[in-house]
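Notes follow the structure.
Atom set for the values below is all heavy atoms of this structure, side chains included, hydrogens, waters and symmetry mates excluded. This one's a predicted model, so the numbers in the text were calculated from it and none came from an experiment.
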Amino acid sequence: MGSKGSSKSWQWIEVIFRIAQALTQVAVFVLVAHEQRFHAIKHPISLRIYWVVQFVLVFVFCVSGLTRFFSVHQKVDSYMRMDDVFSLIGLPFSLFLLIVASQETSGIIVIREPEDGLDTRAQLDEPIVDDPDMSDYGAANIYSKATWLWMNTVINKGYKNPLKIDDVPSLPADHLAERMSELFESNWPNPGEHTKHAVALTLFKCFWKEIAFTGFLALIKLGVMYVGPVLIQSFVSFTSGMGSSPYEGYYLVLTLLVAKIAEVLSSHHFNFHSQRIGLLIRSTLITGLYRKGLKLSCSSRQNHGVGQIVNYMAVDAQQLGDLMNQLHSIWLMPLQLLAALVLLYLYMGVSTMAALIGIVVILAFVVIRTKKCNVFQYQVMRNRDSRLKAMNEMINNMRVIKFQAWEDYFLQRIQSFRKLEYDWLSKFAYTVAANMTVLWSAPLVLSVLVFGVATWMGVYLDAATVFTATTIMKILQEPIRNFPQSLIQISQAMISLGRLDGYLMSPELDEGAVERVEGCEDDISVEVKQGSFSWEDEATEETLKGLNLQVKKGQLAAIVGTVGSGKSSVLAAILGEMHKTSGKVRVCGSTAYVAQTSWIQNATIQENILFGQPMNTEKYKEVIRVCSLEKDLEIMEFGDQTEIGERGINLSGGQKQRIQLARAIYQDCDVYLLDDIFSAVDAHTGSEIFKECVRGALKDKTILLVTHQVDFLHNADHIFVMRDGMIVQSGKYNELLEAGLDFGALVAAYENSMDLVEMSTQPSDDQSEETPKSPISKSKSLERVKSEKKELKKSESQKGTSKLVEDEERETGRVSLEVYRQYSTEAFGWWGVAAVILVSLFWVASLMGSDYWLAYETSEDHTFTPRLFIFVYAIVGVISCLFVSARALLITFLGLKTAQSFFNQILDSILHAPMSFFDTTPSGRILNRASTDQTNVDLSIPLFLGMTIVMYFNLLSIVVVTCIYAWPTIFLIIPLTWVNLWYRGYYLANSRELTRLSSITKAPVIHHFSETVSGVMTIRCFRRHALFSKQNIDKVNVNLKMDFYTNGANEWLGFRLEFIGSVVLCIATLFMIILPSSIIKPEYVGLSLSYGLPLNGVLFWTIYMTCFVENKMVSVERIKQFITLPSEAAWEIKECLPSPNWPNHGHIELKDLQVRYRSNTPLVLKGITIGIRGGEKIGVVGRTGSGKSTLIQVFFRLVEPCGGKIVIDGVDICKMGLHDLRSRFGIIPQEPVLFQGTVRSNVDPLGLYSEEEIWKSLERCQLKDVVSAKPEKLDAPVADGGENWSVGQRQLMCLGRVMLKKSRILFMDEATASVDSQTDATIQKIIREDFVSCTIITIAHRIPTVMDCDRVLVIDAGWSKEFDTPSRLLERPSLFGALVQEYSNRSSEL
């Protein structure tokens, strides 16, 4: 009676407990549902504690239930059984709630309207976003985040139409680049601290919580991974009729299902969160690298080089982001091995020692090979850096390369870098192949060892034991395979961390070097006292010595001197760009800087001038006027909305210079530093600018003007004369003139050149009066304007867009099978493909054969013969190892061959592309193909394509085995396949477009970065750091959101596929239990389960790898786009080879020459007809932008004529090969270009001349003294872009090249624009002596340069207006006369 009563009271307690539990769950549900309403950013602490306690209790119940189930053989109460089942079902949900409890936030993000229009930027610790384009992830609830439901909006959108950039929601607020940038800055070591591994330490401080969370997920994944193999023995025992109860089978299936679901959830959240951290690290590093780029000292910038700095961002930041997936493998691997070996020991006893020895040997081999791999990988990266640097230089200077017909030289140069890279790449790839061979063979080799020792020791082997053991060894394959991969990744990351440490810790500009004062107390605006400066941070020699300089407020101070005397360095020192070794620099107010080499952004003209300032229309119009830009903008189809190409490629030198000047004037600063602003503009424009800008708009400003134009010096309040980095004279014009010395020499040289002009401009008194200011009558100028307007109208009808740089073209939809065919058959056609498939098939077949042999030998109705068993098993193992080796080597060989073939094709295609391609394609876009895409083709695609093929065969073997032995499963396989393909369709449509968008949005980040590094002096001078950092952050955010949603899509697919796969596996297992053992033999249950257990993983990985390969194949598609670029005319035409001494006279005829840059743009040259006799010296003059430089480009056929022809010595040049044509001309281009290397490699890149000849040419071009003073002589280094030589010295070196070439026809485009009058006179004299019998066509802005020409061609707005001798043109009213008059009058006028 008592017991009955007590059981009744227990029942009541049970009922009350159940009711209380139900009410608690309802309360929790209501609470969570209302969190959004109450803007709860975090879950209540009480709720989080409840979830933790609940998990602990449920876990304890599950453990006790499983213990009862496996150990208690008497009948257990049915209530107890029900309780155990409920506990097992509840475990995954409790686990999920535990994960939620461990998260900081509830996932709810509050959007607050900024009060009073103020931008309330979110603080680091509060998840508030001010972005109206709300992130789906940020707004998702816990269930949605757990199952990736938040991806559905994007997935559905992408499935209906190809995704565009705007379709992808923004990043969650706490993932934005600005937040990451602040986080990184706040954790970066203070300037005083000397940390050895600053980057690694800072990243750890930023992300340790996230890393710990992924570690926790990895542990859960590890725990549930071994449940399946342990259950095999129970399943086989149960089907053999040794079960403890008829329900045992159902419990087994249920346990399997719960374990599988827990595995799926933990593994996919581990992947997603690891990739998420990787993404945040990349974002943090890119913004950090960018900020550093704005602070670098000049010598640091030269040491790293633009190409390498870009590589830190593109490659190293990516390496560290990718590391997160592998980071935990390092400590997980020993744990996994330990767990596996303990389990093996339980089943196989002492023979497990064989497995342990085998694993140690395999790991030792792999670790040694991996170390080798790291050395190879480092060398690959180093040589890739060199190759990319050379390619970057080639692409940026393609105009000069085409002028000189040096394509072959650069082809060989880049191929030599590529050969080194390829040699290391081959070593790396074959080492990886050897590792893969060992790893793929590992499970079978270990099985042979373990079973061999077991049979030798007489251990009894049955189906249950054998298949449990093989399954455990298959699981071992993953950690053994991942461990070396993790080692590779970690060592690559260590290399990258070292490189990034080197960059981020490199010396910065000393902000305190220049004392900047806001308001001036005295009237001194710029002052340098006893200043010594060097371009190097560890100064061995000083560039400027003992500098003393004072400029008063509102003064115009000029700095003059010969080439290389240190004029530009003085401006750099005042800006704080040089390393100050001693002295004091003080500047009052804000500074503006106009560089000698123009720095123009790839944006519209208006954006370039505003430079981040708000638009003030009146001020803007005035700036355009004073910089003489009105006429230029009228001619341009889209006015100031015209987009300027990269590095101002579609503007003339003068236009670039004036846009730079306009930018400086619009900023309205106090002190203006102008570096040789008149060199690139004609005399008239120069005078206008001097009057309107220097003496007009800037009349109250303090100006330091570096110039070679002696005629402006009368107007200077103070003049500083430089020589060898010192100020040797200073004072007013007349004082210096009386003192003579350096200044006297400069003025004398100028006056000599002016004498020529004076003589020509004074034929007679009465005539000079007739020469009107503007010699064109009104009617004539009206006519011209009308014809121009007509021309414009014509082009309006074919109007394109104001964009010069078109948006990057991208394919949409799936990567076509054609791309796969091109890739797969590139090396050896279809034979290669067939070989790979056959070898893979044989390998998988041999693996299946070994498992069949196991099942057959261990079946109950078969007599077990140990020796025969192990002999056959070992033979099959050896065959399998041979096939896997052959497969790895074959795929590596084919992959390398294909990569090299693609590289050669794209390089060839780029070199053959017409100049218009480089004018309209940003270099970042081309470099992206050569770096990221080529790397994919080199390494990723062959590796993953090979793995995908194997995955498909593996999947096939699993399906075949499962269907044969659990035949009712066939009915499940069909819907399963359909569901998989259905999901794959949805996923692929999105992931492919997201990958493409990721590539497209990555190029602007790189391009903006390299543009910034190039123009950093200008950006720093105008204090535009914040604006440029903001632009960088915006571009990074756009790129990262693509990657974030790509990762989301991967896990969205993976979770669904693996979940369905797990359910199908459990149903198949159910069939094996339900069907009588006469139909399914127990040993085949073991075989089916050892194949079926990895089904969910293999299924997901097969689909994922297919998609991954397809995404990587986008690289092949992008490379193919550039392999099929339209080509310029042939370099050599066999039928039309010129005679060896052509051109022998140098006669030139232009017949109705018409030129336009692109089919939809107006004519630039509008029908020029002239004849030039051999040996004549022709000067070409005209206003800036009139078409002078275009004329030279047509001679070299950089732009092909669209009408008319050019005949030289009886040969129509349009019918010749381009190299035959270009190699016979000499040219000194407008912008002096030097390549990284030595003086020798710059003067004689092709190595055609002797040392003696080179010295002779250097002597002729006034550089012998400078070069011989350097310790390395002809091997003296030339930095990237010739940065360690002054612009004038670069110009002289280009002259040296021409001297060596001794061409019959010479073109000079502003050849002496960057040198002083003295050097100019010397050069003109040398040219007259050295090229006495040559035809010379000179474009000049300095009138004296063309005064002694035989004839002068005046080009105006694309028409040839005048062509006659200078004296004749001056005898009558002419455009030329007006130009000369302006030039000779301007000093007196000014």
Side-chain angles (χ1 to χ4, degrees), residues 131 133-137 148 150-172 175-177 275-276 278-280 282-283 286 313-314 317-318 321-322 803 805-816 819 921-922 924-929 931-933 935-936 940 985-1009 1031-1053 1104 1107-1122:
D131 190 347
D133 178 18
M134 169 59 93
S135 150
D136 290 350
Y137 180 79
W148 286 275
W150 56 272
M151 276 300 300
N152 282 1
T153 7
V154 177
I155 297 274
N156 285 326
K157 208 184 275 183
Y159 185 63
K160 287 173 188 155
N161 299 301
L163 286 172
K164 296 186 198 71
I165 291 177
D166 301 337
D167 294 337
V168 182
S170 68
L171 285 166
H175 291 47
L176 291 170
Q275 286 166 333
R276 192 174 66 87
L279 207 73
L280 297 181
R282 219 178 89 213
S283 160
I286 290 177
M313 184 184 262
Q318 184 78 46
D322 293 344
K803 284 177 94 70
V805 177
E806 296 300 337
D807 287 334
E808 181 158 1
E809 83 173 85
R810 67 175 179 122
E811 311 281 339
T812 50
R814 55 171 305 149
V815 175
S816 67
V819 175
T921 310
R925 201 178 288 175
I926 305 173
L927 280 178
N928 226 344
R929 304 291 198 284
S931 58
T932 319
D933 293 324
T935 305
N936 281 339
S940 309
Y986 264 92
Y987 166 76
L988 249 185
N990 285 277
S991 124
R992 197 174 39 223
E993 295 311 314
L994 284 166
T995 306
R996 283 183 180 136
L997 289 172
S998 170
S999 296
I1000 285 171
T1001 53
K1002 194 175 183 179
V1005 176
I1006 294 173
H1007 171 230
H1008 181 247
F1009 193 32
Q1031 289 174 355
N1032 167 255
I1033 279 170
D1034 292 342
K1035 287 174 164 55
V1036 171
N1037 279 334
V1038 171
N1039 179 232
L1040 288 187
K1041 75 176 182 180
M1042 302 307 160
D1043 291 350
F1044 180 78
Y1045 281 91
T1046 304
N1047 296 341
N1050 292 344
E1051 303 315 320
W1052 175 90
L1053 173 79
Y1104 175 71
C1107 301
F1108 181 79
V1109 167
E1110 174 140 351
N1111 290 340
K1112 291 286 179 196
M1113 273 298 185
V1114 171
S1115 287
V1116 176
E1117 185 180 78
R1118 283 158 57 83
I1119 286 177
K1120 277 290 173 195
Q1121 278 174 2
F1122 273 31

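Note that CG of Leu280 and CD of Gln275 are 12.0 Å apart. Values are rounded to the nearest 0.5 Å. Between Phe1122 atom CZ and Thr921 atom OG1 the span is 5.5 Å, to the nearest 0.5 Å. Residue Asn1047 holds its CG atom at 11.0 Å from CH2 of Trp148, rounded to the nearest 0.5 Å. The distance from the CG atom of Leu171 to the CZ atom of Phe1044 is 7.0 Å, given to the nearest 0.5 Å. Atom-to-atom distance recorded for Ile1006:CD1 and Lys1035:NZ is 13.0 Å, nearest 0.5 angstrom. Rounded to the nearest 0.5 Å, atoms CE (Met1113) and OG1 (Thr995) are 13.5 Å apart.
Put simply, the side chain of Gln318 reaches to within 4.5 Å of the side chain of Lys1002, judged on heavy atoms. Using a 4.5 Å heavy-atom cutoff, the side chains of Met313 and Val1005 are in contact. The shortest distance between side-chain heavy atoms of Thr1001 and Ile165 falls below 4.5 Å. Considering only heavy atoms from C-beta on, Val1114 comes within 4.5 Å of Glu1117 through its side chain. The shortest side-chain heavy-atom distance between Val1116 and Ile1119 does not fall under the 4.5 Å cut-off. In this structure the side chain of Val154 reaches within 4.5 angstrom of the side chain of Pro169, judged on heavy atoms.
Residues passing the side chain to side chain donor-acceptor pair (under 3.5 Å) test with Gln1031, sequence neighbours excluded: His1008. For Ala317, the side-chain contact (heavy atoms from CB on, under 4.5 Å) partners are Arg282, Leu285, Ile286, not counting sequence neighbours. Scored by the side-chain contact (heavy atoms from CB on, under 4.5 Å) test, Ser998 finds Asn1039, Met1042, Asp1043 as partners (sequence neighbours excluded). The ring-ring contact (aromatic ring centres under 6.0 Å, His included) check on Phe1009 picks up Tyr290, with sequence neighbours excluded. Residues meeting the side-chain contact (heavy atoms from CB on, under 4.5 Å) test with Lys1112, sequence neighbours left out: Asn936, Ser940, Ile941, Phe1108. In this view, Asn152 and Trp1052 satisfy the side chain to side chain donor-acceptor pair (under 3.5 Å) rule, not counting sequence neighbours. Applying the ring-ring contact (aromatic ring centres under 6.0 Å, His included) criterion to Tyr986, with sequence neighbours excluded, gives Tyr159, Trp982. Qualifying side chain to side chain donor-acceptor pair (under 3.5 Å) partners for Asn1037, counting only residues two or more places apart in sequence or in other chains: Glu178. Taking Asn990 as the reference, nothing meets the side chain to side chain donor-acceptor pair (under 3.5 Å) condition, with sequence neighbours excluded. Remark: Asp167 pairs with no residue by the salt bridge (charged side-chain N to carboxylate O under 4.0 Å, His left out) rule, at least two apart or across chains.
In terms of heavy atoms, Ala989 sits closest to Gly158 at CB-O, 3.8 Å. Nearest heavy atoms, Ser1115 versus Asp933: OG-OD1, 2.9 Å. Between Val1036 and Ala177, the closest heavy-atom pair is CG1-CB, 4.0 Å.
In this structure, Ser283 contributes its side chain and Leu279 its backbone to no donor-acceptor pair below 3.5 Å. Looking only at distances, a side-chain donor or acceptor of Arg929 sits under 3.5 Å from a matching main-chain atom of Arg1118.
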side-chain contact (heavy atoms from CB on, under 4.5 Å) assessment of Glu1051 paired with Met151: CA-CA 10 Å; Glu1051 303 315 320; Met151 276 300 300; over 6 Å; no
side-chain contact (heavy atoms from CB on, under 4.5 Å) assessment of Glu1110 paired with Leu988: CA-CA 9 Å; Glu1110 174 140 351; Leu988 249 185; 3.7 Å; yes
